[in-house]
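Take a look at the structure below.
Since this is a predicted model, take the numbers as computed values, not measurements. Letters go in sequence order (proteins before strands), and every chain restarts at 1.
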2 protein chains.
Amino acid sequence: MPTASETTAIPRYTIKNVSKKTGILPVTIRAWERRYEFLSPHRSENRYRMYSDSDVALLMWIKNRVDQGVSISTAINELHTLQNNGFIPEIKQEYQSAYPKPTGIPPAEYAARLYRAFKKSNEIEAAEIFAEARAAFTLPALLANVLIPTLTQIGEAWYRGEIDVAIEHFASKFIIGKLMHIFQTLPLRAKREFIIIGCAPDEFHEIGSLMLAILLRSQGYRIDYLGADIPLDDLVDFVESEKPAMVILSVTMQGAAKYVEIASQKIAALKKAPLFGYGGAIFISQPKLRLQVKGTYLGDSINSAVETIEKLFPGK
Amino acid sequence: MPTASETTAIPRYTIKNVSKKTGILPVTIRAWERRYEFLSPHRSENRYRMYSDSDVALLMWIKNRVDQGVSISTAINELHTLQNNGFIPEIKQEYQSAYPKPTGIPPAEYAARLYRAFKKSNEIEAAEIFAEARAAFTLPALLANVLIPTLTQIGEAWYRGEIDVAIEHFASKFIIGKLMHIFQTLPLRAKREFIIIGCAPDEFHEIGSLMLAILLRSQGYRIDYLGADIPLDDLVDFVESEKPAMVILSVTMQGAAKYVEIASQKIAALKKAPLFGYGGAIFISQPKLRLQVKGTYLGDSINSAVETIEKLFPGK
DNA sequence: CTATGATTATACAAAGATTATACATTATTC
DNA sequence: GAATAATGTATAATCTTTGTATAATCATAG
């Protein structure tokens, strides 16, 4: 269920289509690009210009101004001034199908392209590829088959010393931003149980928890995502006052396992105690640690976590 | 940071547009300028006169007087006298639809409403208020007058023990998500210098760096935002290979100041070394620490940081 | 191979802007 | 009433902007 601002960045119109939509001749559109650097449409393999919905929206805005008698150069200047203040033109979306539009390109191909874009720290390209993948796949497929493989590739390349850790940071910041936006713009139906999710202070782990939060919210659960670094007592207070049906914590590191253990006990001690779920790398590599924790182990992957939780709260 | 009165001073109309708006022939407007020094419109590169909304308002005022039978020379004298007494003609802004739509509600009111929504952990409400504020203010105003005050309120309420730290987390996760999305969707024109921004591993500080990243990107700088926890050597490697014009680091805690100190030295030692800027709470409370750092202190606030950087890279 | 459409580069004409000078009306002043 | 000043408009010469045209290539599908 892609939201407006994600699908609108997909390059999908040739210059002729844009011309039809806007009533501006192709030669004129090219002249504006050449003379005023107005729009930098994505170029497909054959060097053809491919415009996105937001490009079209910008063109329409400009056309309106010109129709009102403003010269093209001033109109473009105005637009730049507005954009510096964060202005984003209203986008008329022709077909905002709520369903994925398969492109025929396999997810692994998107993962590879994303990886290459990150390797070059090319944010523009990464954003384009992401938008395309977002539109082509369902949410679980996007996470499991595009983003996680991309992150895995990056992690491995870093381990082999092929890429700088700064690239890894750049990529995870980028993906966290996209995930947070998806999380925030998912429809809040709150039809199902209320779950609080927290995680360890670590980027890769924040990504995992966010993905879980997204998948659960998209299933209709009411999710509060708290991120990392919550002191135990405060977490317990929060749980006591908010009364969720479940609390989920996930950690990667050895030390944090102790934190999970204590949290599980404190939460179990509450009256009307919520369920407690946990997961994370450390519990995969050292399964014995699970014995200390009072709660449900969510499994070794995000998908297994979702499945486990769905079993805990059956019925829809 | 354009305010209402500043946007009306932006030169945006050619003489022909002004003529259409006012009904005064271009040749007449020029004669008035030549003979009575009435209006000194900004001249663009090509020496064309560019008039602002307030210029148009002044012309309309004059036209009214002339239509009432007053001669042009006396009308202009009248206007000058009035202006010396602080008179400002009413400005009719035609295209405000494209500009932020002021709701009349002051930013502080939005901050208070956001704070209340967070206190109830009501994400739906927070999202609605945020969207409204986003549409009502320019980007710099949104950050400085809505979001920062909200975060300050939350921080203070937490300090007084009035709210749970989980609320603070909820709020900062929410705001970070919104900020990341704004950052990622700002148009990437990359006309200006390339700057790399990193920050300390702390939520409130991540928010500050993200805000700086947003404001600089909206000013046309090319910004790579790396977030927190970058090992020093990797940062230096990245800087060496990417060759930015500037590197910015910001930290809050005592220990991290040492990190900044060493980073500044390592970066200064590079050939073709970029500028180094830094800031953060620790340098405000302990100004002596600045002496150890080879680079530019960016000042005590986000706005001063933007100003300092704009001074380092003048011209647009 | 051909038709269609995209790409770049160059060209050109129409519209608009600039300055300077000129000129016909109106007001004002003596 | 005549001389003078004020004021809107016109003209000419020059330069810039801007939409459109043309030509030579390249891409793709039938």
How would you summarise protein contacts on nucleotides 9-24 of chain C per nucleotide, using B for base, S for sugar-phosphate only and - for none, with heavy-atom distances below 4.0 Å? --B----BSBB--B--
For B/Val70, side chain to side chain contact (heavy atoms under 4.5 Å, CB included) partners two or more places apart: B/Arg65, B/Thr74, B/Ala75, B/Glu78
If I take atom CD1 in residue A/Ile24 and atom P in nucleotide D/dT20, what distance separates them, rounded to the nearest angstrom? 10 Å
Nearest to the side chain of B/Ala31, which nucleotide is it out of D/dT7, D/dT9, D/dG19? D/dT9
Of A/Trp32 and B/Thr28, the one whose closest nucleotide on DNA chain D sits nearer the 5' end is B/Thr28
Between D/dT7 (P) and B/Glu33 (CD): distance, integer Å: 16 Å
Just grab all the salt bridge (charged side-chain N to carboxylate O under 4.0 Å, His left out) pairs involving residues 67-76 of chain B, residues at least two apart or on different chains. B/Lys63-B/Asp67
How many Å lie between CD on A/Glu45 and C1' on C/dA6, as a whole number? 15 Å
What is the distance from CZ of A/Phe38 to C1' of D/dT18, rounded to the nearest Å? 15 Å
Can you confirm if the aromatic rings of A/Tyr110 and A/Phe137 lie within a centre distance of less than 6.0 Å? yes
Does A/Phe118 have any ring pair (Phe, Tyr, Trp, His ring centres under 6.0 Å) partners at least two apart in sequence or in another chain, and if so, which? A/Phe174
Could you work out how much the helix from C/dC1-D/dG30 to C/dC30-D/dG1 bends, comparing the axis of its first five pairs with that of its last five, to 10°? 20°
Please list residues of residues 58-71 of chain B whose heavy atoms come under 4.0 Å from any atom in DNA chain D, ordered by number; otherwise none. B/Ser71
Please list all pairs meeting salt bridge (charged side-chain N to carboxylate O under 4.0 Å, His left out) that have one or both residues in residues 140-151 of chain A, counting only residues at least two apart or in different chains. none
Can you name the residues that form a side chain to side chain contact (heavy atoms under 4.5 Å, CB included) with A/Ala108, not counting sequence neighbours? none
What is the distance, rounded to the nearest whole Å, between atom CD1 of B/Ile72 and atom C1' of D/dA5? 15 Å
Rounded off to whole Å, could you give me the NZ-to-C1' distance for the A/Lys20 and C/dG5 pair? 12 Å
Across all chains, not counting sequence neighbours, the salt bridge (Lys or Arg N to Asp or Glu O under 4.0 Å) partners of A/Glu156 are none
My understanding is that only residues two or more places apart in sequence, or in another chain, count here; which of them pass side chain to side chain contact (heavy atoms under 4.5 Å, CB included) with A/Asn303? A/Ala144, A/Leu215, A/Ser301
Salt bridge (Lys or Arg N to Asp or Glu O under 4.0 Å) with A/Lys120: which residues, sequence neighbours excluded? A/Glu125
Closer than 3.5 angstrom, by distance alone: can the side chain of B/Arg192 be matched with the main-chain N or O of B/Phe313 as a donor-acceptor pair? yes
Partners meeting side chain to side chain contact (heavy atoms under 4.5 Å, CB included) with A/Glu33 (sequence neighbours left out): A/Pro41, A/Arg43, A/Arg49, A/Tyr51
Rounded interatomic separation in angstrom, taking OH from A/Tyr36 and C1' from D/dT16: 10 Å
